[in-house]
Amino acid sequence: VLHFAPEPFLTPHLNKSNYVTADYKRVDVDINVDISNAKLIQDEEYDLIIASDVLQEVYDDKKAIFELYRMLKVGGRAILTVPHNLQVNL
């Protein structure tokens, strides 16, 4: 599991034996990496990636999505969320 911008309420519920935390700026994580330029992470390294409310903060979200896809193993899953504003008029 690779968890970007890990939420403290969620981390206790994940298996720590295969759990890596990541963030661009935070110091309380396992690796400091830019989600849109994560070349230090190998291709197909993780079977689950979590990034909750991260993509809206990234300059190039398309590049970040490409990087997430690259890091996922074949058949892997990503849990990605972004804030939703129900007050937006379309």
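Atoms considered below: every heavy atom in the structure, side chains included; atoms not considered: hydrogens, waters and symmetry mates.
Annotation: side chain of Val33 is in contact with side chain of Phe4 (closest heavy-atom distance under 4.5 Å). In this structure, Ile41 and Ile31 have side chains that are in contact, with non-hydrogen atoms separated by less than 4.5 Å. Within the 4.5 Å cutoff, no side-chain heavy atoms of Arg26 are placed close to those of Thr21.
Summarising the geometry, atom CD1 belonging to Ile50 is positioned 12.0 Å from atom CG belonging to Leu68; distances are rounded to the nearest 0.5 Å. His3 contributes atom NE2, which lies 11.5 Å from atom CG of Asp30 (distance to the nearest 0.5 angstrom). We find the OH-CG distance between Tyr46 and Leu72 to be 11.0 Å, quoted to the nearest 0.5 Å. Separating the CG atom in Leu2 from the CD1 atom in Ile35 is a distance of 8.0 Å, to the nearest 0.5 Å. For the atom pair CG (Asp34) and NZ (Lys39), the distance works out to 10.5 Å, reported to the nearest 0.5 Å. Taken to the nearest 0.5 Å, the OH atom of Tyr69 stands 11.0 Å off from the CG atom of Asp43.
Neither Val1 nor Leu80 shares a network with the other; the hydrophobic side chains, linked directly or stepwise wherever heavy atoms of I, L, V, M, F, W or Y lie under 4.5 Å apart, form separate groups for each. Under a hydrophobic clustering in which Ile, Leu, Val, Met, Phe, Trp and Tyr are joined whenever their side-chain heavy atoms come within less than 4.5 Å, directly or via other members, Val82 and Val54 fall into the same cluster. Tyr59 and Phe66 are assigned to two separate hydrophobic clusters, defined by single-linkage of ILVMFWY side chains at heavy-atom distances under 4.5 Å. At a threshold of 4.5 Å between side-chain heavy atoms, the hydrophobic network of Ile, Leu, Val, Met, Phe, Trp and Tyr places Phe9 and Leu48 in one connected group. Transitive grouping of hydrophobic side chains (ILVMFWY, heavy atoms separated by less than 4.5 Å) keeps Ile79 and Leu55 in distinct clusters.
Nearest heavy-atom pair across Glu7 and Ser52 is OE2-CB, 2.9 Å. Nearest heavy-atom pair, Thr81 versus Gln56, reported as atom, atom and distance to 0.1 Å: O-OE1, 4.4 Å. Nearest approach of Ala22 to Pro6, heavy atoms of both residues: O-CD, 3.7 Å. The minimum heavy-atom distance linking Ala64 with Val58 is given by the pair CB-CG1, 4.1 Å.
Here the side chain of Glu67 pairs a donor or acceptor atom with the backbone of Ala38 at under 3.5 angstrom.
Counting non-hydrogen atoms of other residues, nucleotides and ligands closer than 6.0 Å to OH of Tyr19 gives a total above 12. Counting heavy-atom neighbours within 6.0 Å of Arg70 CZ, excluding the residue itself, gives a total above 12. No more than 12 heavy atoms of other residues, nucleotides or ligands lie within 6.0 Å of NZ in Lys25, so this atom counts as exposed by the packing criterion.
Evaluation of the side chain to side chain contact (heavy atoms under 4.5 Å, CB included) rule for Gln42 yields Glu45 as partners, not counting sequence neighbours.
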